[in-house]
Amino acid sequence: MHGDFACNIAMALAKSAKLNPRELAQTIVNALPIDAAITKVEIAGPGFINFFADSSAQFQVISHILAQGAQFGLSTAGAGQNVQVEFVSANPTGPLHVGHGRGAAYGSALANLLQAAGFNVHREYYVNDAGRQMDILAASVWLRYLEVCGEAIAFPSNGYRGEYVRDIGADLQQQHGTAFLKPAAEVFAGIPADEPQGGDKEDHIDALIERVKLLLAAEGYETVFQAGLQVILDDIRDDLAEFGVTYQEWFSERRLMTTGAVAEALERLQTAGYLYMKDGATWFASSRLGDEKDRVVVRENGQTTYFASDIAYHMNKLDRGFDQIINIWGADHHGYIPRVKAAMQALGADPERLKVLLVQFAVLYRGEEKVQMSTRSGEFVTLRQLRNEVGGDAARFFYVMRRSDQHMDFDLKLAASKTNENPVYYVQYAYARVCSVLRQLDEKGFSRDAALGLASLERLQESHETSLVETLSRYPEVLEKAALQYEPHQLIQYLRELANEFHTYYNAHQFLVDDNALREARLALIGAVKQVLGNGLKLLGIHTPESM
RNA sequence: GCGCCCGUAGCUCAGCUGGAUAGAGCGCGGCCCUCCGGAGGCCGAGGCCAGAGGUUCGAAUCCUCUCGGGCGCGCCA
């Protein structure tokens, strides 16, 4: 602010010292040792102590940045702790939509940040490939398949109606011909009416699922099920990869069930005395551990619940020895946190090891107009459409630009625009501009002498230059703070600030001057700017174009 | 009804483990070198930080209440 470093200790201690803050500050200043790196100490305002650093000490950061390159800014704050970051984890029942996009951009940026801060990061996607929703998908695929085979189907109102389901049904027909064909009359015989016919859509679809399983038998059902799962999961994987989001592991919920992990988790809860029977179901006494009420883990029909899988999943995470477990969830799941923490506690683990970060939904706009979305009718904007419309860089930038735990308005028109209204290009342009200047070197017949630049840094006496150096030197602390507070948007704020200072400098001074020492010093400075912009953008998963 | 989150410039948002004159982008009104890329820069107008109390030397920041908005309260996932 007012000094290179500021200190408020005099005000904080004024009361217990029974002195007024400025007097106390003076006493402290008088007692300070002399240090060559500090040129001046001042008392200001209500009692702040401001320290001014020697400029040559400040300039050293340029040499550090250029020497360390991509390593500059990395810290060891994480001390090699193992952190698992689980994010997106959308049900594989359809393509990712824009809501998942925010979790993807945020989770991926956060994971990169944590890694840069010295944590050992494990990125994971939890695949909900078990449960009723997947059965509904399998049934939907099969019904579309029957349509392709020529059967007349009244498609259930609660089924997955998206086009992609038709495609999967058609593929199934291509690969297996009529192997799974059954007459429509047989499929629907005795099934309770669907909602449009005055029935209950849930009863209707559940009965259909039972019928599909019966008619296809276990093996046939598995084929249809896998056809749907694999196509959709591959699509999600490709989609995320194109968005710059990759994982160390895709963790299957089904695997938890088939390996007996769910049963084992329930046994452990049983042994610990947290399970009881009521109304034919098995309940977990989560209310004893801070939850609002107890939760069912085994349904009356003998099926375990999603929550039971999640208990097993978190037990598995604990067993894998992660020091920190980070779950990134949609904000609509916030009520779910206490029961998961309760489960961890019941399993004998410290619930503090789990950190749940909530991502609020983004509301889409095209200019003034709100984009309506509805999952049930299959009318939603997919992440892929978003990327096609605005580009991956703009999408990531916009998603991460705001605090993740706050609602955001996402203006597609603005994100897609290639004008100065769009903040994405602002930062990239600064990077490209430095590249452009460096290209100009040759054209102007200058040759590079990096050593001369580093030896001439004290020539950088313009106010633009000293403040740019100050901003560059802040990068490591910004990075570390953004990581430890799980707030990538702090990094974006910083990069915008750095880009702004660079653009201002660019407009105020010529870099390619005839004075060799000054020119090289300036090139060293803007080279450092380029490096820091590049390091930051890379962590955010945004490209660094050399020209635009 | 109960619980969680949020109300900061015309708009979108930073700032929130208390600190100096509350910031940025867009929009709006002026302006910018025959010179490295004008996707840039400079200047200006624009605020009772939703409202009311409280704690404190000091509150946008912490506490309480009111008003306004979002979300959650399944043997769904």
Side-chain angles (χ1 to χ4, degrees), chain A residues 1-3 6-8 10-12 14-15 20-21 44-48 50 89-91 93 128 130-134 136 202 253 278-283 292-293 295-310 330-338 358 360-361 363 365 368 398 401-403 405-411 414 417-430 432-441 443-444 446 464 485 487 489-490 492-494 496-497 499-500 502-513 519 522-523 526 547-548:
Chain A
M1 305 255 184
H2 299 258
C7 174
N8 70 348
M11 291 180 297
K15 197 174 193 176
N20 84 47
F48 289 98
N50 288 322
S89 298
N91 288 353
T93 52
N128 294 126
R132 181 164 171 268
Q133 294 304 319
M134 289 305 296
I136 295 177
E202 306 291 349
E253 180 187 359
K278 191 181 90 182
D279 303 333
T282 306
W283 297 70
E292 289 176 356
K293 51 179 173 177
R295 311 289 174 176
V296 170
V297 287
V298 184
R299 289 195 280 258
E300 202 174 353
N301 66 9
Q303 301 252 307
T304 54
T305 58
Y306 170 84
F307 179 46
S309 294
D310 234 8
D332 54 336
H333 283 63
H334 68 75
Y336 197 76
I337 299 171
L358 298 176
Q360 294 284 347
F361 296 118
V363 181
Y365 287 83
E368 297 289 299
F398 271 65
M401 184 166 59
R402 308 297 182 205
R403 288 181 67 96
D405 57 357
Q406 301 230 357
H407 300 268
M408 71 175 286
D409 289 350
F410 193 128
D411 186 345
L414 178 61
S417 71
K418 299 201 165 161
T419 68
N420 61 356
E421 293 174 18
N422 191 335
V424 187
Y425 296 98
Y426 187 81
V427 179
Q428 288 184 322
Y429 183 48
R433 252 185 167 172
V434 177
C435 296
S436 175
V437 171
L438 296 176
R439 281 194 298 271
Q440 290 289 320
L441 262 184
E443 292 174 28
K444 299 214 167 196
F446 292 117
H464 294 97
Q485 297 187 348
E487 294 184 348
H489 77 276
Q490 291 188 18
I492 286 205
Q493 295 279 128
Y494 170 83
R496 291 176 80 172
E497 198 181 320
N500 171 257
F502 170 75
H503 286 309
T504 301
Y505 179 38
Y506 181 96
N507 274 275
H509 299 284
Q510 186 82 15
F511 306 150
L512 300 177
V513 293
R519 182 181 68 250
R522 287 182 170 170
L523 289 176
I526 67 171
S547 64
M548 297 170 66

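Here is how names work: the chains are called A, B, and so on, in the same order as the sequence lines, proteins then strands, and each is numbered from 1.
Atom-to-atom, CD of A:E443 to P of B:C36 comes out at 11 Å; the value is rounded to the nearest Å. Atom CZ of A:F410 and atom C1' of B:C13 are 15 Å apart (whole Å). Following rounding to the nearest Å, A:I492 (CD1) and B:G25 (C1') show an atom-to-atom distance of 13 Å. Regarding A:D411, its CG atom lies at a distance of 14 Å from the P atom of B:C26, rounded to whole Å. To the nearest angstrom, P of B:C26 lies 12 Å from CE of A:M401. We find that CZ of A:F398 is positioned 14 Å from P of B:A14, with the value rounded to whole Å. Per the geometry, CZ belonging to A:F502 stands 13 Å off P belonging to B:C42, to the nearest Å. One atom, CG of A:D409, and another, P of B:C11, lie 12 Å apart when rounded to the nearest Å.
A:R519 contributes a side-chain N or O that, together with a main-chain N or O of A:V513, makes up a donor-acceptor pair within less than 3.5 Å. A donor-acceptor pair under 3.5 Å is formed between the side chain of A:N301 and the backbone N or O of A:Q303.
Each of B:G38, B:U17, B:U12 was ranked by its minimum atom distance to the side chain of A:Y429; first place goes to B:G38. In the set B:G41, B:G38, B:C36, B:G38 carries the atom at the smallest distance from any side-chain atom of A:R433.
Across all strands shown, B:C76 forms no Watson-Crick or G-U wobble pair with both distances under 3.5 Å. Base pairing analysis places B:A20 opposite nothing; no Watson-Crick or G-U wobble pair with both distances below 3.5 Å involves it. B:U34: no Watson-Crick or G-U partner with both key distances under 3.5 Å is found in any strand. With both pairing distances under 3.5 Å, B:A60 is matched to nothing as a Watson-Crick or G-U wobble pair. In this structure, B:C4 and B:G70 make a Watson-Crick or G-U wobble pair, each of the two defining distances being under 3.5 angstrom. Pair assignment for B:G44: B:C28, on the basis of Watson-Crick or G-U wobble contacts that are both within less than 3.5 Å.
Note on ring orientation: taking the six-membered ring where Trp is involved, the planes of A:Y506 and A:F502 are tilted (angle from 30° to 60°). The aromatic rings of A:H509 and A:H464 lie perpendicular to each other, with more than 60° between the two planes, well past the 30° mark. Between A:Y306 and A:Y336, the angle of the ring planes lies from 30° to 60°, which puts this pair in the tilted group.
Between A:N500 and B:A24 there is no side-chain polar atom (N or O) within less than 4.0 angstrom of OP1 or OP2. At the phosphate of B:G41, neither OP1 nor OP2 sits under 4.0 Å from any side-chain N or O atom of A:Y505. Close to B:A14, at under 4.0 Å from its OP1 or OP2, lies a side-chain N or O of A:Q406. The side chain of A:R403 contributes an N or O atom lying less than 4.0 Å from OP1 or OP2 of B:G15. Between B:G37 and A:Q440, a contact under 4.0 Å exists linking OP1 or OP2 to a side-chain N or O.
Place A:H503 and A:R402 on RNA chain B by their nearest nucleotides, and A:R402 ends up nearer the 5' end. Nearer the 5' end of RNA chain B, as judged by each residue's closest nucleotide, is the contact made by A:Q490, out of A:Q490 and A:V437.
Side-chain polar atoms of A:S309 and A:E253 form a donor-acceptor pair below 3.5 angstrom.
At a threshold of 4.0 angstrom between heavy atoms, the contacts of A:H509 include nucleobase atoms, whether or not backbone atoms are also involved. A:T282 comes within contact range of no nucleotide atom at all, as no heavy-atom separation falls under 4.0 Å. Within 4.0 Å of A:T504, counting heavy atoms only, lie sugar-phosphate atoms of the nucleic acid but no base atom.
The two residues A:F511 and A:R522 make their nearest non-hydrogen contact at CA-CD, 4.2 Å. Considering every non-hydrogen atom in both A:K293 and A:R295, the closest pair reads O-NE, 3.4 Å.
Taking atom P on both nucleotides, B:C13 is separated from B:C73 by 25 Å, rounded to a whole Å. B:U12 and B:U64 have their P atoms separated by 28 Å, with the value rounded to a whole Å. Going from the C1' atom of B:A9 to that of B:C32 covers 26 Å, rounded to whole Å. Rounded to the nearest Å, the gap between the P atom of B:G25 and that of B:U34 is 26 Å. Spacing between B:G51 and B:G29 at atom P, rounded to whole Å, works out to 30 Å. B:A45 and B:A52 have their P atoms separated by 26 Å, given to the nearest Å. Straight-line distance between the C1' atoms of B:C26 and B:A39: roughly 14 Å, to the nearest whole Å. Here the separation of B:U55 from B:C62, taken at their C1' atoms, is 8 Å to the nearest Å.
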Just by protein heavy atoms under 4.0 Å, how would nucleotides 67-77 of chain B read 5' to 3' in B, S and -? ---SBSSSBSB
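The shortest side-chain heavy-atom distance between A:R496 and A:N500 does not fall under the 4.5 Å cut-off.
Each of A:R402, A:H407, A:R403 was compared with A:D405 under the side-chain hydrogen bond (donor to acceptor under 3.5 Å, both in side chains) criterion, and only A:R403 meets it.
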